[in-house]
Asker: 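What follows is a single structure, and I will ask about it in a moment.
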Amino acid sequence: MRKFIFATVMSLMSAVGMPGAASAAGGGDVTLLKNDWSFAGIFGHYDKASMQRGFQVYLEVCAGCHSMEYMAFRNLADLGYNEAEIKAIAAEYEVQDGPDEDGEMFMRPARPADRIPSPYRNDNEARANNNGALPPDLSLIAKARAHGPDYLYSLLVGYQDAPASMEVPDGMYYNNAYSGNMIAMPQPIYGDDVEYADGASTSAEALSADVTHFLMWAAEPKLEVRKRIGVAAVFFLSIFLIMSYLAKRRIWADVH
Amino acid sequence: MSAAKFSNPVVRWIDHRLPVFSMLDHTANEYPTPKNLNYMWNFGSLAGLSLVIMIVTGIVLAMSYTAHVDYAFESVERIMRDVNHGWLIRYIHMNTASFFFIVVYLHIFRGLYYGSYKAPRELLWILGVVIFLLMMATAFMGYVLPWGQMSFWGATVITNLFSAIPIVGESVVTFLWGGFSVDNPTLTRFFSLHYLMPFLIAGVVVLHIVALHRFGSNNPIGIDTKGRQDTISFHPYYTIKDIVGIAMFLLLLAIAVFFFPNAMGHPDNYIPANPMQTPAHIVPEWYFLPFYAILRAVPDKLGGVLLMFGAIAILFILPWLDRSPVRSARFRPVFRIFFWLLFIDALALGYLGGMPAEGIYVTLSRVATAWYFLHFLVILPMLGVFESTKPLPKSISEPVLATTGEAA
Ligand code: HEM
């Protein structure tokens, strides 16, 4: 019996571990830098200041090439912006609306309920502007790659001179985190690319960490509630388990 | 007959016309259950609970899901972002699916270990295998619904298997797809069937339980109960024991849902389906990996498909492959060794199914596949003849009274 329970636990563990092992299989020689993210762990939470800075990096650096389809301006409330600030951010953009009474489409300033407009009208335009490569939408990117945030960070700081043995074609760049090491995205962050109002560091590492923090929130906006409910649920269920086990012992005491 | 049993007049009135309370009372208080069931007997009720959780969360998800190739991915993201507690419902549905398979796999291995498939429980076992097949079909189609990269490519690879059928293969695949590739008609029919099949499972579970109640549960010793001294009533003994299992199950499920909700999924499924771009490795969900390994172990497509389905089909005839009169592995020293080898073999197949089909992995998959079939087709039938089993106790109560170490 004890053997059976042991095997049960083992099989549970390997069942849980298996897909992780399967999905980690990438290509080439890749370097993954591990960071201490504030959102990791059981009590993980987002750092609003870092996310606001990351959002600024996204707007000033990445938004020229990458869309964030699933993000509406109203979602920025999670970063700590108030309604007036969100309205002001949205108003910087024009979106198409209509038709009006005459049946015409027209442009108007964006409102908080609108999605953040994409830099390109469609994938073809995006490719045409990027040497044929398609910059992926970033709203879910932190969940769409194995080791999400650590990978994104490593990618952004992973640009290097290619080893002499490697031929890098035109329009491709050497990156030690990207699978195959050859990426079509030019190095986006060099350090001091943006100016922060709060005086935080603008080193390449700091900017990369901030934008990664922002992208993690974008992919998993409910992380904080999830973990909060999780702690309560696990606490409650542990007590439930102990109580039911004690009740079971008591009820079974007369069975021989 | 039952009228006197209930003091509440409303209950009595109803029960006289519709004896549901009598049925419940019978199950809880009169249905005799062996008194020596261990915690491996908890997985049946846990499977039932999983099914209920899947149906409830699934119905809620369906309220906000859109089955259309242009909107499916986005509608799932809306559930995650904008629907109140939509993220919770979806993560529960996703993770309970995995837990359901863990539970059912343990339930099956429990049956294998204690010989629960033997007479007179053959039909009970066969109904279980039917449930298992229905579960696999349901889970496969469910995984297609979010229309991510793995949804699309998994569906393409698996449905394409049917093209290996001689002569009619291509037509069968076209029929499954509702067209000439995996596309909108595929998605809509998968949604329709994914909604239907859990209720079919529920129906077969009812039959499974009816068959169970015919002879009652098997037990760790594997001998029939001989009288009242061997049994206890289901309630309160096994209700409370099932509750302990449920508490443990929910605790582990909560840890997965709230802290590792995507650990058992594949990151590629957060990329919208793109028919123009094949992912580097197409892997099915973890619970299909052992069968996927068998499929890929065979160089011939038709052969692979036949072996894969054969791996399940063989379970249907298991009661007639294992002719040993002794049920429980406790009294079958040689069988017990082979049981654990099979268990390791199944884990190995699961691991190999997740690895790329190249080099050493292919060789190992072939060895593991061969062992799987060898176990059922050669070893089990031979053991039935050649194994010398240990003496069986006279009754369930006996080993408890005679305190020798042998039966523990
Ligand atoms: C939806 C999935 C399933 C549900 C809800 C379910 C439910 C149950 C329940 C409640 C029991 C009684 C408690 C127990 O003995 O654990 C049971 C017994 C049993 N089940 Fe299942 N089951 C499922 C799937 C399966 C499968 C896939 C198999 C085998 C291929 C199977 C084989 C058996 C056998 C042999 C028994 C009797 C075991 C014994 O008394 O020793 N079941 N099932």
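The sequence lines fix the lettering, A, B, ..., with proteins before strands; numbering per chain opens at 1.
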Asker: Would you mind checking which part of B/I232 comes under 4.5 Å of any heavy atom in chain A, side chain (CB onward), backbone (N, CA, C, O), both or neither?
Answerer: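 B/I232 touches chain A through side-chain heavy atoms alone.
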Asker: Does any backbone or side-chain atom of A/R74 lie under 4.5 Å from a heavy atom of chain B? Answer side chain, backbone, both or neither.
Answerer: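 For A/R74, the side chain is the part near chain B, not the backbone.
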Asker: Which atoms of B/E74 are under 4.5 Å from chain A, going by heavy atoms: the side chain, the backbone, both sets, or neither?
Answerer: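 Contact with chain A: backbone and side chain both.
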Asker: Within the side chain of B/N218, is there an N or O that forms a donor-acceptor pair under 3.5 Å with the backbone of B/Y114?
Answerer: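 Checking the backbone N and O of B/Y114 against the side chain of B/N218, a donor-acceptor pair under 3.5 Å is found.
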Asker: What do you reckon, are the aromatic ring centroids of B/Y287 and B/F100 less than 6.0 Å apart?
Answerer: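 For B/Y287 and B/F100, the ring centres are not under 6.0 Å apart.
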Asker: Is any side-chain N of the basic residue among A/E69 and A/R115 closer than 4.0 Å to the acidic one's carboxylate O?
Answerer: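 Result for this pair is no, no salt bridge flagged.
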Asker: So what's closer than 4.5 Å to chain A heavy atoms on B/D82: side chain, backbone, both or neither?
Answerer: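 Only the side chain of B/D82 comes within 4.5 Å of chain A.
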Asker: Where on A/A219 is there a heavy atom nearer than 4.5 Å to chain B: the side chain, the backbone, both, or neither?
Answerer: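 The backbone, not the side chain.
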Asker: Does A/H213 have its ring centroid less than 6.0 Å away from the ring centroid of A/F39?
Answerer: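 Between A/F39 and A/H213, which both carry aromatic rings, the centre distance is below 6.0 Å.
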Asker: Would you mind telling me which of A/K248, A/R226, A/K227 has the largest number of heavy-atom pairs within less than 4.5 Å of chain B?
Answerer: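 Among the listed options, the one with the most contacts to chain B is A/R226.
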Asker: When rounded to the nearest 0.5 angstrom, what is the spacing between CG in B/L88 and CD1 in A/I229?
Answerer: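 Reported to 0.5 Å precision, the distance equals 6.0 Å.
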Asker: Counting only heavy atoms closer than 4.5 Å, note whether A/V234 contacts chain B via side chain, backbone, both or neither.
Answerer: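 Interface part for A/V234: both.
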Asker: Please check: side-chain N/O of A/N129 versus main-chain N/O of A/E125, any donor-acceptor pairing under 3.5 Å?
Answerer: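 Checked: pair present.
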Asker: Where does B/F101 contact chain A at under 4.5 Å (heavy atoms): side chain, backbone, both or neither?
Answerer: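 Interface part for B/F101: neither.
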Asker: Counting N and O atoms only, with roles assigned by atom type, does the side chain of B/H281 sit under 3.5 Å from a partner on the main chain of B/V283, one being a donor and the other an acceptor?
Answerer: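 Looks like no, no N/O pair under 3.5 Å.
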Asker: Between chain A and each of B/A346, B/P261, B/A280, B/P272, count heavy-atom pairs under 4.5 Å; write down the option with the most.
Answerer: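 So the answer, after comparing B/A346, B/P261, B/A280, B/P272, is B/P261.
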Asker: For A/A218, is it the side chain, the backbone, both, or neither that has a heavy atom closer than 4.5 Å to a heavy atom of chain B?
Answerer: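 The backbone, not the side chain.
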Asker: Evaluate the ring planes of B/Y105 and B/W286, with Trp represented by its six-membered ring, and classify them as parallel (under 30°), tilted (30 to 60°) or perpendicular (over 60°).
Answerer: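 Geometry flag for B/W286 against B/Y105: tilted rings.
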Asker: With a 4.5 angstrom heavy-atom cut-off, is it the side chain or the backbone of B/P220 that approaches chain A, or both, or neither?
Answerer: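 It is neither, since no heavy atom gets under 4.5 Å.
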Asker: Considering only heavy atoms, which portion of A/D78 lies under 4.5 Å from any heavy atom of chain B: side chain, backbone, both, or neither?
Answerer: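 A/D78 has no heavy atom closer than 4.5 Å to chain B.
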